[in-house]
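Bear in mind the structure is a predicted one, so any value in this text is a computation, not a measurement. Every heavy atom of this structure was used, including side-chain atoms; hydrogens, water molecules and symmetry mates were not. The chain is numbered in sequence order, starting from 1. Every number for a ligand or one of its atoms is a count from 1 in the order of the listing.
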Amino acid sequence: MCGIVGYVGQEQASPILLDGLRRLEYRGYDSAGVAVYDGQGGIRVVKAKGRLQVLSDLTQEGTALPGTIGLGHTRWATHGEPSDVNSHPHMSQRGKFAVVHNGIIENYMELREFLENQGVTFASQTDTEVVAQLLEYCYNGDLMATVQKVLHRIRGAYALGILCRDQPDVLVAVRKDSPLILGLGEGFNLLASDVTALIRYTRDVVYMDDNEIALLSTAGVQVFDAYLQPVDKEPQRVDWEISAAEKGGYEHFMFKEIMEQPKAFRDTVFPRIVNNRVVLEDLSLTPEEVRDIDHIVIIACGSSYHVGMVSKYILEKLLRKPVEVALASEFRYSDPFVTERTLCIVISQSGETIDTLAAMREAKRLGAKVLAIVNVVGSTIAREADHVLYTWAGPEIAVATTKAYSTQLAVMYLVGLYFADLMGRIDSNTYDAIVCELLRIPSKMESILENKEHIQYFASIYFNHDSIFFIGRNIDYAIGLEGSLKLKEISYIHSEAYAAGELKHGTISLVEDGTLVVALASYGQLFEKLMSNVVEVKSRGADVLGLTTQRLKESMEKTVDATMAVPDTHPMLLPSLDVIPMQLFAYYVALMRGCDIDKPRNLAKSVTVE
Ligand code: G6P
């Protein structure tokens, strides 16, 4: 989604803004722009549809746009097509204000109509422009009071960066339901929608909360509440290395992140296993509260939802308690049934997905306890949840998630074991066997990654298919959902995942000569059932690529066209191994089709609008 960066200091702003925008590229965007105060009474704006390189060329890497204070933005179109004029920053008609915005101004139509009736002429079709025009319309010489007045008139979700020609030594930052972070420097200060844009310049950050307004100057940063009363904010230190957000010799972030999975899994799991026991020191739920849980609802979007789908099978088996999985965008509008004995587990890599955040707030309002599984420290979901367990995956840059998925799953295993033990639902032999295998997962992941050429070879055979089905039963079906999503996200091949038993109820009519079916069959007890489905699709002309375990490989090879096999492990942990060939397959297929793997069309890393 859109990215914001702002700088005030003594250096030239444009190159810093462009560098910040480059680090936000991964979020997904279709146009970009910068606004800089020119030191002579004017704000100059350069913006352009397309990649950041276009903007870079237009501004000669920023050198053609001198000035020491400014704003930058990468836009992911919502209101108004991607175009030069709809790109941010937006200016008010007399050039007094430049505004960058993430989110949606819901009442922009009525505000636009009002302003047009007052003689204001709009340049773009965006909702954002009303903010710039309204600021100019309301301006009375007092910048903060004007911002406050405008905030009373606008509805929706927004992170705003504001530059005013009449007070060119300050930037104003505003946050409501869309993340905004302040970066604190010596003689300079920054604002950004994402820590990755700041980390090269400072590690000291302040996370803004909803309805706060910040004033940034060279000398410092002040934060105010909605009534313009000063708020004391504790700066936080970001401790990850800048190299973690760089490609480090890999062609794509996605590939780098696939390869990082053994380490990410280790970092997430190993410190939480002490003397072969799961120890969740960072979990603030008491043993009594855990025992009191009678129902679990997992809430998430996208791949995080797919982790929830896998976890349902695992938690129900371990805990013998009902576990529901809800899409966050559905949960919040479904009059959900939760009580004080419900535990809502919210899963989010970014911790900022707007639907997940809204669903979490709804669950809390209804009295449920909320445990968040989040990757980004200090993100809104992490801060608002009752309890948090972090996935220590490090920054994930590629839009298509891989290592975040794996670490979310890892945390779910830990939660499952920990709860099962407290609830008295697991015998010590089973517990010990799972913990023992958990510690072996990273090296088994490594062995799959060492043989990646095998999967590359299959991708080279099948990359030209137009339609691919993933079929499986139970957990295999849940893994198929993720395999299918990975593939369609980055290769643009039409793909669907089906519970294999459902094929006969409609989908098999789409199977014809040359359709590719990826059949997942990792579980012995369902193997034969799944193989019957394989025979059904083969007899209708499908090519079948199988995914199974070493133990079942030979049996599968007899029926399918090609087989991928992962090492054997405890059945509960198989998803962590199965997902890797699925990720690699999607990656290599997309590579062979020449797709822009790290920045797939129309997609965003962090979805901060509904
Ligand atoms: C976007 C990303 C997905 C991600 C989903 C949920 O669609 O492209 O990779 O799974 O959002 O994001 P979250 O940050 O809440 O896990």
Side-chain angles (χ1 to χ4, degrees), residues 1-3 24-29 76 177-179 193-196 252-254 257-258 261 264 298-311 325-332 344-361 370-385 388-391 393-412 478-479 481-492 579 582-583 586-587 590 595-610:
M1 292 266 124
C2 307
L24 296 177
E25 271 190 298
Y26 78 95
R27 296 167 64 97
Y29 71 106
W76 189 86
D177 291 339
S178 193
S193 49
D194 186 324
V195 114
T196 40
H252 296 103
F253 277 112
M254 182 179 177
E257 288 160 7
I258 289 175
Q261 287 179 110
I298 302 174
I299 305 169
C301 300
S303 294
S304 299
Y305 170 78
H306 292 159
V307 170
M309 290 290 287
V310 173
S311 308
V325 195
L327 287 165
S329 53
E330 288 294 312
F331 176 87
R332 55 185 296 205
C344 287
I345 304 183
V346 168
I347 311 176
S348 176
Q349 185 283 129
S350 62
E352 301 291 354
T353 303
I354 192 79
D355 283 320
T356 311
L357 176 61
M360 178 180 89
R361 288 177 176 162
V370 175
L371 164 62
I373 297 176
V374 179
N375 194 40
V376 178
V377 176
S379 57
T380 312
I381 290 176
R383 284 182 294 141
E384 289 192 19
V388 186
L389 286 172
Y390 283 109
T391 50
E396 191 179 64
I397 305 295
V399 167
T401 177
T402 51
K403 63 176 180 172
Y405 176 99
S406 285
T407 52
Q408 289 167 347
L409 207 50
V411 171
M412 281 306 223
I479 301 289
L481 288 169
E482 179 61 6
S484 169
L485 180 64
K486 281 288 83 80
L487 187 80
K488 72 182 111 182
E489 275 182 309
I490 58 169
S491 74
Y492 315 138
V579 76
M582 300 285 92
Q583 297 165 343
Y587 174 79
C595 300
D596 191 352
I597 292 179
D598 284 337
K599 299 186 207 81
R601 70 182 179 210
N602 304 339
L603 297 182
K605 179 73 183 157
S606 171
V607 179
T608 48
V609 293
E610 259 194 77

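Looking only at heavy atoms of the protein, atom 8 (O) of ligand 1 is closest to A604 O, 3.1 Å. Of all protein heavy atoms, the one closest to atom 12 (O) of ligand 1 is T353 OG1, 3.3 Å. Nearest protein neighbour of atom 5 (C) of ligand 1, counting heavy atoms only, is C301 O, 4.0 Å. With hydrogens left out, the protein atom closest to atom 11 (O) of ligand 1 is K605 O, 3.9 Å, a heavy atom.
Checking S379 against E352 by side-chain atom types alone, no donor-acceptor pair falls below 3.5 Å.
For ligand 1, the atoms lying closer than 4.0 Å to a non-hydrogen atom of T401 are 9 (O). The distance from ligand 1 to the heavy atoms of S304 drops below 4.0 Å at these ligand atoms: 10 (O), 13 (P), 16 (O). The atoms of ligand 1 that sit less than 4.0 Å from any heavy atom of S348 are 13 (P), 14 (O), 15 (O), 16 (O). Per-residue contacts place S303 under 4.0 angstrom from the following atoms of ligand 1 (heavy atoms of the residue considered): 10 (O).
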Report task. Test Q408 against T391 for side-chain hydrogen bond (donor to acceptor under 3.5 Å, both in side chains), laying out the working first. Result -> CA-CA 6 Å; Q408 289 167 347; T391 50; 5.8 Å; no
Practice prompt. Go through K486 and S303 one step at a time and tell me if the side-chain hydrogen bond (donor to acceptor under 3.5 Å, both in side chains) criterion holds.
Written response: CA-CA 9 Å; K486 281 288 83 80; S303 294; 3.2 Å; yes
- prompt: Given the rule in the side chain to side chain contact (heavy atoms under 4.5 Å, CB included) test, do I373 and V346 qualify, once you have shown the distances and angles that lead to the verdict?
  reply: CA-CA 6 Å; I373 297 176; V346 168; over 6 Å; no
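A salt bridge does not link E396 with K403: none of the charged nitrogens is closer than 4.0 Å to a carboxylate oxygen. Salt bridge present: D355 and R332 bring a charged side-chain N and a carboxylate O closer than 4.0 Å.
Residue Q349 has at least one N or O atom closer than 3.5 Å to an N or O atom of ligand 1.
When atom types are taken as modelled, the side chain of E257 and the backbone of A398 share a donor-acceptor pair closer than 3.5 angstrom.
At a 4.0 Å cut-off, at least one heavy atom of V399 sits close enough to ligand 1 to count as contact.
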